[in-house]
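Along the sequence shown, residues are numbered consecutively beginning with 1.
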Amino acid sequence: NYHFGTHQEAEPVVYQEPAAEPVKAEPVVVMTKTLRAHFDFDKDVVREEDKAQIREVSDAMRNNAGSTATLVGHTDSRGTDEYNNDLSERRASAIRDVMVAEGVSPDAIEAYGRGEAEPVATNDTDEGRQENRRVEAVITGLAQ
């Protein structure tokens, strides 16, 4: 074929990589806090003097939009496994209630108990048992 006066060089075809998928931000641990709520034996009432520690966790959540909290309650070894599991759940729920009262969304908090299964101290002394009566909080959110 002959084309007089209309022949042009074709533009080179440039292959373009498809656009990369946007990288989703993975949740990160914003804060891990062991709350030393010093629950009395067989009690799930949060003491007034312990609320400052809980406020730290609530503040961390309010300052990190989209964050969530996992609260895990624990007991000492006195009592049956079934009773201690229930008590540890009630303790975690008591902390949750305080956080909700401080403005944290209840939908952002998961609370459960592990009973006496994960001691951090000996259960042979009053001091050790007191250390084991605790709630641990892990706050997860997106890196800022």
Any side-chain heavy-atom pair of His74 and Glu116 under 4.5 Å: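 Side-chain contact under 4.5 Å: no.
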
To the nearest 0.5 Å, what is the distance between [atom1] on [X] and [atom2] on [Y]?
X: Arg133; Y: Ser88; atom1: CZ; atom2: OG; value: 13.5 Å
X: Met99; Y: Asp59; atom1: CE; atom2: CG; value: 9.5 Å
X: Thr75; Y: Arg114; atom1: OG1; atom2: CZ; value: 12.5 Å
X: Glu127; Y: Asn132; atom1: CD; atom2: CG; value: 12.0 Å

Applying side chain to side chain contact (heavy atoms under 4.5 Å, CB included), can you list everything that pairs with Asp44, at least two apart in sequence or on another chain?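 Asp44 satisfies side chain to side chain contact (heavy atoms under 4.5 Å, CB included) with Leu87, Arg90, Arg91 once adjacent residues are dropped.
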
Side chain to side chain donor-acceptor pair (under 3.5 Å) partners of residues 92-108, not counting sequence neighbours, each pair once: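 Listed once each, the pairs are Ser58-Glu102.
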
Nearest heavy-atom pair of Thr122 and Asp124: which atoms, and what distance?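 Scanning both residues, the minimum pair turns out to be OG1-N, 3.0 Å.
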
Nearest atoms (heavy-atom pairs only) where Val45 meets Phe39: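 So the minimum-distance heavy-atom pair works out to O-CD2, 3.7 Å.
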
Carboxylate-amine/guanidinium contact Glu131 Arg129, below 4.0 Å: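 No, Glu131 and Arg129 are not salt-bridged.
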
Flag yes if more than 12 heavy atoms outside Glu48 fall under 6.0 Å of its CD atom; otherwise flag no. no

Ring of Phe41, cation from Arg78 - is the NZ or CZ under 6.0 Å from the centre and inside 45° of the axis? yes

Between Val46 and Lys51, is the side chain to side chain contact (heavy atoms under 4.5 Å, CB included) condition met? List the steps. CA-CA 7 Å; Val46 178; Lys51 290 185 179 178; 4.1 Å; yes

Evaluate the criterion side chain to side chain contact (heavy atoms under 4.5 Å, CB included) for residue pair Leu71 and Glu110; output intermediate values, then yes/no. CA-CA 6 Å; Leu71 306 175; Glu110 180 180 325; over 6 Å; no

Quick one: does Ser67's side chain have a donor or acceptor within less than 3.5 Å of a partner on Met61's backbone? yes

Tell me which one of Ile109, Val72, Val135 satisfies side chain to side chain contact (heavy atoms under 4.5 Å, CB included) with Ile95. Val135

Let me see the working for Val57 and Ile139 under side chain to side chain contact (heavy atoms under 4.5 Å, CB included), right down to the final yes or no. CA-CA 8 Å; Val57 175; Ile139 311 305; 3.3 Å; yes

